[in-house]
Amino acid sequence: QLQLVESGGGLVQAGGSLRLSCAASGRTFSSYAMGWFRQAPGKERAFVAAISNSGGRTTYTDPVKGRCTISRDNAKNTIYLQMNSLKPEDTAVYYCAARQTSYGSGTYTEQNSYTYWGQGTQVTVSS
């Protein structure tokens, strides 16, 4: 069982930055591939970024490429999402997710690939 707790959300002006964190419980964090998803008002939850269990591979959705960076610190059981040049369309609840991996160092973009989810953190970008 893995518990995920997101933090770092808030209200920021367009062009600003935020760093989201997701802290995980459990002793085998390094065996989990991780991802960030977001759900904007009135929309379905959507993929944002993913990172392999070792951190060596990352994947991003096109709208955030060049503006966001996903990273992880396995010693701290934490992943991060650094978001720069924020836009009003980035306003959403951001969720982190985890999937235990047995082999390889893949990244996963589909929601149903993930087993564990956090409660989410609100990001609001004002224009």
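On a predicted model such as this, the values are computed, not experimentally measured, just so you know.
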Hydrophobic cluster partners of Tyr60 (side-chain heavy atoms under 4.5 Å): Leu2, Leu4, Val12, Leu18, Leu20, Phe29, Tyr32, Met34, Trp36, Val48, Ile51, Val64, Ile70, Ile79, Leu81, Met83, Leu86, Tyr94, Tyr116, Val123, Val125

Other residues, nucleotides, ligands: >12 heavy atoms within 6.0 Å of Gln3 CD: no

Pairwise disulfide bond (SG atoms under 2.5 Å apart) hits with a residue in residues 15-69, at least two apart: Cys22-Cys96

By side chain to side chain donor-acceptor pair (under 3.5 Å) - contacts of Gln119 (at least two apart): none

With Thr58 via side chain to side chain donor-acceptor pair (under 3.5 Å) - residues at least two apart: none

Set of residues satisfying side chain to side chain contact (heavy atoms under 4.5 Å, CB included) with respect to Ser85, sequence neighbours excluded: Arg67

Pairing residues for Arg72 by the salt bridge (Lys or Arg N to Asp or Glu O under 4.0 Å) criterion, not counting sequence neighbours: none

Tyr108 versus Ser113, closest heavy-atom pair with distance: CB-CB, 3.9 Å

Arg57 (side chain) donor-acceptor with Ser52 (main chain) under 3.5 angstrom: no

Contact check, side chains of Gln122 and Leu11, non-hydrogen atoms, under 4.5 Å: no

Set of residues satisfying side chain to side chain contact (heavy atoms under 4.5 Å, CB included) with respect to Glu89, sequence neighbours excluded: Lys87

Rounded distance [0.5 Å steps], OG1 in Thr109 versus CZ in Phe37: 7.0 Å

Under the side chain to side chain contact (heavy atoms under 4.5 Å, CB included) test, residues paired with Ala46 that sit two or more places apart: none

Spatial distance of atom OG1 (Thr28) from atom CG (Asn77) [nearest 0.5 Å]: 8.5 Å

Sequence neighbours excluded - side-chain hydrogen bond (donor to acceptor under 3.5 Å, both in side chains) pairs with any residue from residues 4-25: Ser17-Asn84

Euclidean distance, Gln111 CD relative to Gln39 CD, rounded to 0.5 Å: 8.0 Å

Minimal non-hydrogen separation, Thr101 against Ala33, with atom names: CG2-CB, 3.7 Å

Partners passing side chain to side chain donor-acceptor pair (under 3.5 Å) against Thr59 (at least two apart in sequence or in another chain): Thr107

Residue pairs passing the disulfide bond (SG atoms under 2.5 Å apart) test where at least one lies in residues 24-54, sequence neighbours excluded: none

Those residues that, when tested against Lys43, pass side chain to side chain donor-acceptor pair (under 3.5 Å) (two or more places apart): none

Where Pro88 and Ala14 come nearest, the two heavy atoms and their spacing: CD-CB, 4.1 Å

Between CZ on residue Arg38 and CZ on residue Arg45, distance to nearest 0.5 Å: 13.5 Å

